[in-house]
There are 2 protein chains.
Amino acid sequence: MSFDFTTYLPYLINRTGVELAGAFSREIAQHGVTLPMWRVLAALHRRDGLRISDVAGLTSIDISTLSRLIGKMEKRGLVIRRRSPEADGRVVTVVVTPAGQAATRAIVPVAQRYEAIALAGFTADEAAALKQMLIRVYGNLSGDALDSAA
Amino acid sequence: MSFDFTTYLPYLINRTGVELAGAFSREIAQHGVTLPMWRVLAALHRRDGLRISDVAGLTSIDISTLSRLIGKMEKRGLVIRRRSPEADGRVVTVVVTPAGQAATRAIVPVAQRYEAIALAGFTADEAAALKQMLIRVYGNLSGDALDSAA
DNA sequence: ACGCGGTATTTGCATTTGCAAATATCTTGC
DNA sequence: GCAAGATATTTGCAAATGCAAATACCGCGT
């Protein structure tokens, strides 16, 4: 049975993600924002007013978890829930407050610094190639490729 | 403020990892094993008798979470906790039972199929390059690079 | 205008998580 | 040989998670 997890792609992705998340979380905690909250803020960055379900899709956060997370962010004054007055009454859109924008502005440089650390020693071409390949992998996974395989 | 999360490496890694984990989890549930449990089994594959803390390092699972997880796996008969008789009495080693080995054998092909799906359309060279780059990124993150940056 | 299937979000609930404190054991210096 | 500090694991506890059921609303067909 030839199986070596140390070169197994899901393993490599998982451990990298965990490591990245851990270190970054600790640092942004100083700004009163958790990692999932930052993900929401990043998704809404210059794209305010998305629906809850859109944010869920963008952030890969489960929609029920996100519903509660938005509640916490509202309490902290980072975002506001708004029911579209004219449009579909089922939809809730999320709007970033000035405080939320300030938090985003504070964290963006930290995020960029972490990306730079992660990509230390990479040429611009290598970094672009890595990102492009991750996008391709994601594309392979989303959609029906998986369902048909199951 | 130039920040586009759609090309932001941690974002790309996170969403890929979440997608991969979700689909795979659902499938291995049929074998009575959760994704964290599979990670433990994979770490111990042909490497039985690792300490709890070694498994934690390999799997990126928090050590306290892992302690409880090993307990559940013991109840399910997948592994056995063993205190080294002669060596350091603080250390607990984890040994895979025949049932655990059977579960591993059943899941390895599934895992390999998922990797193949994820890497669909990749040449062998591309896949190797991706893995190598992820290993480099992980190397950039572990250790002191992060501490000195914080 | 009314009911019915469909979609968006929230809520109930049991499980999982991770930090910090507790426990158990080892090791070193005296 | 023993106290003091280090290391490995477990446990307490509060918070986060995700599935499934509940709720709220839409829009079509009649």
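Below, read A as the first sequence line, B as the second, and so on, with proteins coming before strands; counting in each chain starts at 1.
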Practice item. On DNA chain D, check which nucleotide each of G89(A) and T93(B) is closest to and give me the residue with the more 5' one. Key: T93(B)
**Study point:** Residue met sooner reading DNA chain D from 5', once D54(B) and L69(A) are mapped to nucleotides
**Key:**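 Per heavy-atom nearest nucleotide, the more 5' residue is D54(B).
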**Study point:** No-H, no-angle donor-acceptor pair, R90(B) side chain to dT9(D) base, under 3.5 Å
**Key:**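 Per atom types, no contact qualifies.
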Check your understanding: For the side chain of R68(B) and the base of dG12(D), is some donor closer than 3.5 Å to an acceptor across the two?
Key ->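 Present.
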Review point. Can T123(B) and D125(B) be counted as having a side-chain donor-acceptor contact under 3.5 angstrom?
Key: no
**Study point:** Pair Q112(B)-Y8(A), side-chain donor/acceptor within less than 3.5 Å
**Key:**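 There is no such pair (donor and acceptor under 3.5 Å, judged by atom type) between the side chains of Q112(B) and Y8(A).
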**Study point:** Residues E27(B) and R113(B) bridged, charged N to O under 4.0 Å
**Key:** yes
Practice item. In sequence, state the C-alpha distance, the side-chain angles, and the governing distance for K131(B) and E115(B), and then conclude on salt bridge (Lys or Arg N to Asp or Glu O under 4.0 Å). Key: CA-CA 12 Å; K131(B) 291 178 178 186; E115(B) 187 179 50; 2.9 Å; yes
Check your understanding: Taking for each residue the nucleotide of DNA chain C with the nearest heavy atom, is it T65(A) or D88(A) whose nucleotide lies nearer the 5' end?
Key -> D88(A)
Check your understanding: Between dT9(D), dT10(C), dT17(D), which one does the side chain of R51(B) approach most closely?
Key -> dT9(D)
Let me know the distance between [atom1] of [X] and [atom2] of [N], rounded to the nearest Å.
X: R81(A); N: dA8(C); atom1: CZ; atom2: C1'; result: 12 Å
X: K72(A); N: dT11(C); atom1: NZ; atom2: P; result: 13 Å
X: R82(A); N: dT9(C); atom1: CZ; atom2: C1'; result: 18 Å
X: I63(A); N: dT7(C); atom1: CD1; atom2: P; result: 13 Å
X: I61(B); N: dA8(D); atom1: CD1; atom2: C1'; result: 17 Å
X: L50(A); N: dT9(C); atom1: CG; atom2: P; result: 11 Å
X: L66(B); N: dG18(C); atom1: CG; atom2: C1'; result: 13 Å
X: K75(A); N: dA15(D); atom1: NZ; atom2: P; result: 11 Å

Check your understanding: When we call it a touch if two heavy atoms are under 4.0 Å apart, what does S53(B) touch: a base, just sugar-phosphate, or nothing?
Key -> sugar-phosphate
Review point. Do Y114(A) and W38(A) make the cut of ring centroids closer than 6.0 angstrom?
Key: no
